[in-house]
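The structure presented is a predicted model; accordingly, all values stated were derived computationally and were not measured.
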Amino acid sequence: MSQRAWQRMLSGRRLDLLDPSPLDIEIEDIAHGLAFVARWNGQTFGEFPYSVAEHSLLVERIFAKLNPKLDSKWCLAALLHDAPEFVIGDMISPVKAAVGPAYKAMDARLQAAIHIRFGLPAELPANIKSLIKRADRISAWLEAQQIAGFSRKEADKLFLKPTEHSLQTLSLDLRAPMQVKASLLDRHATLMSMLTA
């Protein structure tokens, strides 16, 4: 008997993890899944886990602040930068390194399908990927200190300390998963409407 390589989504879609189709991608499934996936393997302070959905909103916010003149489609790409984790979960970097290239390949296939579904190029331009990665590393610097128990010295060494004072003072709020889901859906809808305007 062959192994099942698909997951049924709450929308009713059946997403094939080995050959994902953009037609099986729904933002409601992404937002719901990401709102319930904890970053930092759940090793964070607070009443609620710090979700990948909350992180995605923060990365998009940082990206927009750093790149105010870029097209809004790249803000959408920043918002969706960790979207594959709605089905494959969030692995910390040391685990990804141990698992090897299979995880990276699955992540890339899912990311391409997600991009196509929402009108983005399957593969982002290298400069945009780099700008999103910068925002992602700054978010990790903020998260590490505020909710993950890292000292300022450790965070400065391991992550990317922003040079912009306005980013250094951003504060994180932990919210219930369904609140974060609603915020991600709202931001996605806003960005999509800007693309079609």
Side-chain angles (χ1 to χ4, degrees), residues 1-44 46 48-60 73 75-124 128-129 132-133 135-136 139-140 143 147-148 174-192 195:
M1 185 171 136
S2 63
Q3 293 283 345
R4 177 171 66 92
W6 55 266
Q7 180 175 344
R8 181 159 316 276
M9 301 290 128
L10 289 179
S11 65
R13 298 284 188 188
R14 196 168 92 165
L15 182 64
D16 185 333
L17 301 182
L18 300 179
D19 186 22
S21 167
L23 298 175
D24 291 325
I25 304 290
E26 298 291 345
I27 190 57
E28 292 81 8
D29 293 330
I30 293 171
H32 187 85
L34 295 183
F36 284 91
V37 174
R39 273 185 55 84
W40 302 94
N41 275 354
Q43 298 300 306
T44 53
F48 300 107
Y50 183 73
S51 71
V52 175
E54 197 78 79
H55 165 75
S56 298
L57 289 162
L58 177 62
V59 169
E60 191 271 329
K73 72 180 176 183
C75 288
L76 179 63
L79 183 70
L80 297 172
H81 79 284
D82 278 341
E85 294 177 9
F86 87 108
V87 286
I88 59 177
D90 179 40
M91 285 192 201
I92 59 173
S93 296
V95 175
K96 286 179 187 175
V99 170
Y103 176 90
K104 192 171 186 177
M106 187 181 332
D107 182 83
R109 285 192 300 271
L110 284 162
Q111 192 71 70
I114 290 163
H115 283 166
I116 292 167
R117 170 65 178 86
F118 298 113
L120 296 168
E123 178 73 19
L124 298 179
I128 298 299
K129 283 172 82 169
I132 292 171
K133 187 64 180 171
D136 193 28
S139 74
E143 295 164 12
I147 59 168
L174 300 183
R175 300 180 289 165
M178 296 309 277
Q179 282 183 286
V180 184
K181 174 185 175 180
S183 293
L184 193 141
L185 288 172
D186 286 347
R187 186 61 183 151
H188 180 268
T190 298
L191 291 169
M192 289 299 291
L195 294 183

Review point. Are the side chains of Leu79 and Leu57 in touch, meaning some heavy atoms are under 4.5 Å apart?
Key: yes
Check your understanding: Any side-chain heavy-atom pair from Val180 and Val52 closer than 4.5 angstrom?
Key -> no
Practice item. With side-chain hydrogen bond (donor to acceptor under 3.5 Å, both in side chains) as the test, would you mind laying out the steps for Arg175 and Ser183 before giving the verdict? Key: CA-CA 10 Å; Arg175 300 180 289 165; Ser183 293; 2.8 Å; yes
Practice item. Search all heavy atoms of Ser21 against all heavy atoms of Ala113 and return the closest pair with its distance. Key: C-CB, 4.2 Å
Review point. Can you tell me how far CG of Asp16 sits from CG of Leu110, rounded to the nearest 0.5 angstrom?
Key: 9.5 Å
**Study point:** Passing candidate, side chain to side chain contact (heavy atoms under 4.5 Å, CB included) with Asp90, options Asn41, Val37, Leu34
**Key:** Val37
Practice item. Please determine, by modelled atom types, if Asp82 and Ser56 share a side-chain donor-acceptor pair under 3.5 angstrom. Key: no
Check your understanding: Do the side chains of Ile25 and Met9 get nearer than 4.5 Å, heavy atoms only?
Key -> no
Review point. Would you call Met178 and Phe36 a side-chain contact if the rule is heavy atoms closer than 4.5 Å?
Key: yes
Check your understanding: His188 versus Phe118: any side-chain heavy-atom pair under 4.5 Å?
Key -> yes
Exercise for review: Answer yes or no: is there a side-chain heavy-atom contact under 4.5 Å between His81 and Lys133?
Suggested key: no
Review point. How far does CZ of Arg13 sit from CG of Leu23, to the nearest 0.5 angstrom?
Key: 7.0 Å
Check your understanding: Distance from His115 atom NE2 to Leu124 atom CG, nearest 0.5 Å?
Key -> 4.0 Å
Check your understanding: In Å and rounded to the nearest 0.5 Å, what is the CZ to CD1 distance from Arg109 to Ile114?
Key -> 12.5 Å
Check your understanding: Between Thr190 and Arg187, is any pair of side-chain heavy atoms under 4.5 Å apart?
Key -> yes
Review point. Roughly how far apart are Leu76 CG and Leu195 CG, rounded to 0.5 Å?
Key: 6.0 Å
Study note, to complete from the structure: So CD1 of Ile88 and CE of Met106: to nearest 0.5 Å the spacing works out to 6.0 Å
Review point. Got Met192 and Ile27 here, is their nearest side-chain heavy-atom distance under 4.5 Å?
Key: no
